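One structure is given here, and the rest of the page talks about it.
All of these numbers come straight from a predicted model, not from anything done at the bench. Sequence lines set the chain letters: A, B, ... in the order given, protein chains first and strands last, and positions in each chain run from 1.
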Amino acid sequence: MGGTVQQRSVVRVGASLIVASLALTACGSRSGDDNGGGSDSSTKTAKIGVIAPLSGDLSALGLGIQHSVELAVKQANDSNAIPGWKLEVDAKDDEAKPDVGKNAATALASDANVIGVVGTLNTSTSQQVQPVLAPKNIVQVSPANTGPGLTQGADWQKNPKRPYPTYFRTCTTDAVQGPFAARYLFETAKITKVATIHDKKAYGQGLAGTFTEEFKKLGGQVVAAETINPDDAQFTAVISAIKPSAPQAVYYGGEYPQAGPLSQQMKAAGLNVPLMGGDGIYDPKFIQLGGKSSTNDLATSVGAPVDTLPSAKKFVEDYNAAGFKEPYAAYGGYSYDAANAIINALKTSLKDAKDVESARQATVDALGKVSFDGVTGKVSFDQYGDTTSKVLTVYKVDAAKWATVETKDFETK
Amino acid sequence: MDQFFQQLVNGLTLGSLYALIAVGYTVVYGIVQLINFAHGEVFMIGAFGALTTYLLFFDGQTGLWILPVMLIGAVIASVGTAVLMERVAYRPLRNAPRLAPLITAIGISVFLQEFVRIFYERPNWTVPVLVALSVGVAWVVAARLTTVSLNHPITKWQDREPLIVAAVVATVIWAGARLSAPDLSFLVSAGVVVGGVVLGTAAGFLVARLRGGATRSQALTRSLVAITAVSTVLMELGWLIYKELIASIEWPSAKQRIPFPQIDVVTGQALQVGGVTIQRSAVFTILALAICSVLLWYFINRTRLGRGMQAVSQDPDTARLMGINVDRIIVVAFALGAALAAVAGISQGFQNNNIEFRMGFLAGLKAFTAAVLGGIGNIQGALLGGLVLGVVETLATQYIPGQFGGSSWKDVWAFAILILVLVFRPQGLLGARVVDRA
């Protein structure tokens with residue numbers, strides 16, 4: 001019996017050694033990101049929160065948002081944009097999940113120093129974040145939410161009504177983006193038969209819905225409408241189901257983690273038509289996942305391409321010079337503009353304020369009147385909190401890169 | 001009609017994947033009555049093993065000859081994980097209540113997922129593993145070189161202690177040298193080896209002398225030199241591999257989906273048979289299932305180990321009395337399931353063109369369903385159950401109209417079939433082959 005006891009203790013010692021060494025390596029590879037405390041007592045601190053997916057499938061977009069806000073705040077601090085105040089970024093991960101986002105928003109709302117929040121990425125997350133931030137009068141500026149309901153209420157088509165006065169966004173909505181894609185396919189690409197697929201999330205469903213409506217109105221035909229689960233990785237069954245109806249293009253409402261493999265599997269299954277999507281698929285990761293056959297796939301995204309605008313050149317240079325590990329991705333420009341919109345509002349609201357909490361209402365009021373030339377064009381908000389700019393761009397995959405096809409102002413017909 | 005055959009092909013492809021994974025559930029259950037819920041993660045690690053092999057040796061190439069090497073890499077990763085899992089997590093619980101290993105399995109599953117998610121882009125975890133491997137090999141060599149029984153039932157610590165001290169001293173010297181001079185240089189290597197051997201042996205000898213006297217220490221000298229020399233040389237070799245190979249590669253972050261390498265012949269332009277499009281990866285998957293089931297049949301029915309497995313699954317106590325090493329059979333069962341799961345992992349990579357750390361969860365759940373559907377413990381049942389499940393899923397996507405149709409309800413229909421079978425034929429389609437001896 002003594003033998004087994006001793007053998008056990010060998011296992012125990014071995015296991016704890018392995019755990020210890022793993023813990024050591026884990027610690028060794030983590031860089032110390034301690035900023036060092038000791039803030040000046042004469043300057044007061046206000047925090048700008050970020051709520052975005054910093055881990056998970058959509059982290060490429062989320063980290064771009066975080067870093068762009070950090071860049072804007074750093075520049076504001078360096079130039080002493082708000083005398084007597086120092087700004088800080090407090091980034092929270094929402095994992096692209098509404099409930100996690102709600103927790104992040106609650107954590108930020110309970111911090112007396114938080115004056116505004118940039119985020120979220122997902123429309124469905126914002127639906128949970130808005131009601132948490134609104135009672136505390138904390139402004140929220142989203143660089144990426146395109147669901148129309150967020151600013152104009154659930155009944156936005158017939159009876160638009162702003163649900164939360166604290167919510168603003170710097171990007172255009174699906175009410176514009178879906179129809180814009182429909183017009184491009186029907187009028188420019190001369191495609192009359194499309195199939196639609198969406199992932200049943202608020203963003204995807206909304207996009208596919210507004211697209212379908214406009215495409216039918218123009219005289220086109222939607223030959224098949226399918227849905228997938230947001231966690232799926234295998235789409236052959238759904239592709240086989242739409243293939244016999246011979247669509248000339250597939251419109252996908254959703255994001256790149258599904259869209260990339262969907263495009264690849266579509267082409268591998270012999271359905272050689274372009275896949276088109278919204279800003280959710282406009283990311284380099286889409287091409288990486290879609291492989292070589294993703295050439296000629298299309299995406300619309302809000303605003304003009306960041307790296308071609310003269311006003312954006314400086315942003316790109318500064319971003320690269322700041323040495324962030326991840327690229328600014330699809331929403332970097334919008335996040336930078338969103339952060340600067342808040343900073344601009346703070347210039348008036350924080351000037352004579354005693355503390356952050358008393359300045360919150362003034363910030364909401366000031367933000368509605370903000371107007372400046374940002375990275376993505378003119379930044380200002382209409383009576384619903386939507387951006388006044390309705391410029392959109394169609395991109396096409398060409399030689400493993402997103403190439404600009406056309407940039408247009410969307411006109412309401 | 002084309003449409004029907006098209007979906008049938010899709011379903012068989014998907015089903016082959018489920019079948020390959022389901023065998024792992026059923027074999028292990030048949031022998032130890034354990035639902036190994038971490039088996040889905042073994043499948044995931046198989047896919048990551050293949051990707052790792054590709055990134056290590058062939059990044060950017062697409063030749064077909066890479067495929068067997070990737071397969072070997074995947075099988076090593078999966079089987080290694082499964083065997084280690086059995087040794088560390090399940091064997092100590094062999095006689096515990098049934099619920100304990102089940103909960104452990106879920107814990108292991110979460111651990112493996114998080115491990116891949118966090119550590120895939122940070123390969124420095126391989127250093128302690130390489131060190132542990134080096135010391136392990138050195139121990140085996142040293143144990144062979146001595147006449148002293150290291151497994152003596154009463155005094156084994158007395159004889160083991162000098163060896164352990166020698167190995168630890170050598171490892172500490174190596175670690176200290178490499179932490180202060182991480183770059184590869186011949187001088188440091190030579191210093192580490194010579195210093196480790198001299199100091200380690202001296203320390204070990206001292207302990208042996210103090211504990212066992214002159215004769216004992218004489219008898220152990222050769223082993224002491226061997227364990228320090230072999231471990232330091234292997235650790236230096238491991239460091240060379242780490243520096244030159246592992247650390248030189250930009251590992252993708254597993255926090256997002258990672259594109260899977262595309263290989264000539266098995267991926268690419270689909271084949272057209274009549275009106276039916278057959279993807280190359282589908283052909284690969286179905287062929288893989290066919291070959292694996294033939295090999296499996298041969299292994300179970302025609303080899304000593306396979307017959308041993310059958311005997312253990314019928315009655316482990318009697319099998320033990322007949323001279324079968326039950327512990328080894330259990331390890332073989334885990335390894336067998338893991339090897340097939342590795343093949344499935346590669347197939348999934350080719351089909352979906354990407355892999356991620358969560359891919360094992362749903363696939364594992366579906367494969368478990370397939371195993372139950374066919375009759376748990378029954379290998380043919382697992383194969384049939386997988387195919388049926390895959391076909392039901394795809395046909396439901398195609399033919400169920402209206403509200404409950406379409407791709408988003410496919411999982412519901414797959415599990416509905418399971419419920420129907422369990423209600424009307426609880427032993428599964430082909431009957432469970434388990435002697436209930438709870």
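Here A:D57 does not pair with A:K285 in a salt bridge; the nearest charged N to carboxylate O distance is not below 4.0 Å.
By the 30° and 60° cut-offs, the orientation of the rings of B:F4 relative to B:Y399 is tilted. Ring planes of A:Y328 and A:Y319: perpendicular class, angle over 60° (limits at 30 and 60°). Using bins of under 30°, 30° to 60° and over 60° for the plane-to-plane angle, the ring pair A:F211/A:F215 lands in the parallel bin.
Residue with the most contacts toward chain B among A:E226, A:K267, A:Q288: A:Q288 (heavy-atom pairs, distance under 4.5 Å). When the candidates A:P261, A:G260, A:A268 are compared by the number of heavy-atom contacts under 4.5 Å with chain B, A:A268 comes out ahead. With chain A as partner, the option from B:N352, B:T397, B:T394, B:N10 having the largest number of non-hydrogen pairs under 4.5 angstrom is B:N352. Among A:P230, A:G291, A:A241, A:S55, the residue making the largest number of heavy-atom pairs under 4.5 Å with chain B is A:A241. When the candidates B:R280, B:R257, B:R117 are compared by the number of heavy-atom contacts under 4.5 Å with chain A, B:R257 comes out ahead. Looking only at heavy-atom pairs under 4.5 Å with chain A, the residue among B:M359, B:Q269, B:K410 that has the most is B:K410. Heavy-atom pairs under 4.5 Å with chain B peak, among A:A237, A:G270, A:G290, at A:A237. The candidate from B:Q279, B:Q348, B:Q262 with the greatest count of non-hydrogen atom pairs under 4.5 Å with chain A is B:Q279.
In this structure, no portion of A:D199 lies under 4.5 Å from any heavy atom of chain B. If you measure heavy-atom distances from B:D2 to chain A, you find no contacts under 4.5 Å at all. For B:E393, no part lies near chain A; criterion is any non-hydrogen pair under 4.5 Å. At a 4.5 Å heavy-atom cutoff, the contact between B:Q351 and chain A is made by backbone and side-chain atoms alike.
For B:Q6 (side chain) and B:T277 (main-chain N/O), a donor-acceptor pair under 3.5 Å exists by modelled atom type. Remark: side-chain polar atoms of A:Q265 are paired, donor with acceptor, to backbone N or O of A:A233 under 3.5 angstrom.
More than 12 heavy atoms of other residues, nucleotides or ligands sit less than 6.0 Å from atom CD of B:Q272. Sparse packing is recorded around NZ of A:K292, with 12 or fewer heavy atoms of other residues, nucleotides or ligands lying under 6.0 Å away.
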